[in-house]
Q: 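Input: one structure, supplied below.
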Amino acid sequence: QRKWVYLEPIFGRGAMPHEAARFERVDTEFRSLLLSVADNPRVLSILRTPNLPETLATIQDQLERCQKALADFLEDKRQRFPRFYFIGDDDLLEILGQAKNPEVIQ
């Protein structure tokens, strides 16, 4: 859940179109799972969800792939502009997302 919460705003605003489709599939599956839990939050009913361990493992794997693609994307930007090595990932994403707004970059 933590990884999804981190990645959802990034891919939700259209960053990295190549990975957006993968994240959208994961997002749909994760939200569906959360809705079923919200409908009946009892532990025993959650455990009866068909293929729950496999579903969670798949979601985790796909989120890790999205996160790796994001890390590779940021590393590519840092290689092109070495000054970006002094900026954390969240700030760099903000800068890249607002590249046409010079006030944000300042």
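For clarity, every value in this text was computed on a predicted model and none was experimentally measured. The residues of the chain are indexed from 1 along the displayed sequence.
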Q: Considering residues at least two apart in sequence or located in another chain, which fulfil the salt bridge (Lys or Arg N to Asp or Glu O under 4.0 Å) criterion with Arg25?
A: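 Not a single residue meets the salt bridge (Lys or Arg N to Asp or Glu O under 4.0 Å) criterion with Arg25.
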Q: Find out whether Tyr6 and Asp90 are in side-chain contact, i.e. whether some heavy atom of one side chain is under 4.5 Å from a heavy atom of the other.
A: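 Answer yes - side chains close enough.
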Q: Considering residues at least two apart in sequence or located in another chain, which fulfil the salt bridge (Lys or Arg N to Asp or Glu O under 4.0 Å) criterion with Lys77?
A: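 Here no residue qualifies.
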Q: Can you get from Leu74 to Phe86 by hopping between Ile, Leu, Val, Met, Phe, Trp and Tyr side chains that sit under 4.5 Å apart?
A: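 Leu74 and Phe86: separate clusters.
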Q: Quick check: do Leu63 and Phe30 have side-chain heavy atoms less than 4.5 Å from each other?
A: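 Not touching, per the 4.5 Å side-chain cut-off.
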Q: Which value, rounded to the nearest 0.5 Å, describes the distance between Leu7 atom CG and Glu64 atom CD?
A: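 Rounded to the nearest 0.5 Å, the CG-CD separation comes out at 10.5 Å.
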Q: Should Arg78 and Asp89 count as an ion pair when the cut-off is N to O under 4.0 Å?
A: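 The answer is yes: the pair qualifies as a salt bridge.
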Q: Enter the distance from Arg31:CZ to Asp27:CG here, rounded to the nearest 0.5 Å.
A: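 Going from CZ on Arg31 over to CG on Asp27, the span is 4.5 Å.
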Q: What are the two closest non-hydrogen atoms of Thr49 and Ile46, and how far apart are they?
A: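 For Thr49 and Ile46, the tightest heavy-atom pair comes out as OG1-O, 2.8 Å.
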Q: Is any side-chain heavy atom of Leu56 closer than 4.5 Å to one of Leu33?
A: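 In short, these two side chains touch, coming nearer than 4.5 Å.
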Q: If you compare all heavy atoms of Asn40 against all heavy atoms of Ser45, which two are closest, and at what distance to 0.1 Å?
A: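 Closest approach of Asn40 to Ser45: O-OG, 3.0 Å.
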Q: Between Glu19 and Lys68, is there a side-chain N and carboxylate O pair less than 4.0 Å apart?
A: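 Here Glu19 does not pair with Lys68 in a salt bridge, since their nearest N and O are not under 4.0 Å apart.
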Q: For Arg65, what residues pass the side-chain hydrogen bond (donor to acceptor under 3.5 Å, both in side chains) criterion, not counting sequence neighbours?
A: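 Residues passing side-chain hydrogen bond (donor to acceptor under 3.5 Å, both in side chains) with Arg65: Asp61.
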Q: Restricting to ring pair (Phe, Tyr, Trp, His ring centres under 6.0 Å), what partner residues turn up for Phe81, sequence neighbours left out?
A: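 Testing Phe81 for ring pair (Phe, Tyr, Trp, His ring centres under 6.0 Å), a comparison that skips the adjacent residues, returns Phe84.
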Q: For Arg80, check side-chain hydrogen bond (donor to acceptor under 3.5 Å, both in side chains) against everything at least two apart and list the hits.
A: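 side-chain hydrogen bond (donor to acceptor under 3.5 Å, both in side chains) check on Arg80 returns Asp76.
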Q: Sequence neighbours left out, what passes side-chain hydrogen bond (donor to acceptor under 3.5 Å, both in side chains) with Glu29? Give chain and number order.
A: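 If we apply the side-chain hydrogen bond (donor to acceptor under 3.5 Å, both in side chains) test to Glu29, skipping adjacent residues, there are no hits.
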Q: Is it the case that more than 12 heavy atoms not belonging to Gln60 sit under 6.0 Å from its CD atom?
A: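 It does: Gln60 CD has more than 12 such atoms within range.
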Q: Decide if atom OH of Tyr85 counts as having more than 12 heavy atoms of other residues, nucleotides or ligands within a radius under 6.0 Å.
A: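 Yes, because the 6.0 Å sphere around OH of Tyr85 holds more than 12 heavy atoms from other groups.
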Q: Can you check whether Lys3 reaches Glu8 side chain to side chain, under 4.5 Å on heavy atoms?
A: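 Lys3 vs Glu8: side chains apart.
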Q: Within the distance-only criterion (no hydrogens, no angle test), does the side chain of Ser32 pair as donor or acceptor with the backbone N or O of Thr28 below 3.5 angstrom?
A: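 Judged by distance alone, no pair lies under 3.5 Å.
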Q: Do Leu70 and Leu93 come close enough that some side-chain heavy atom pair is under 4.5 Å?
A: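 Yes - at least one pair of side-chain heavy atoms lies under 4.5 Å apart.
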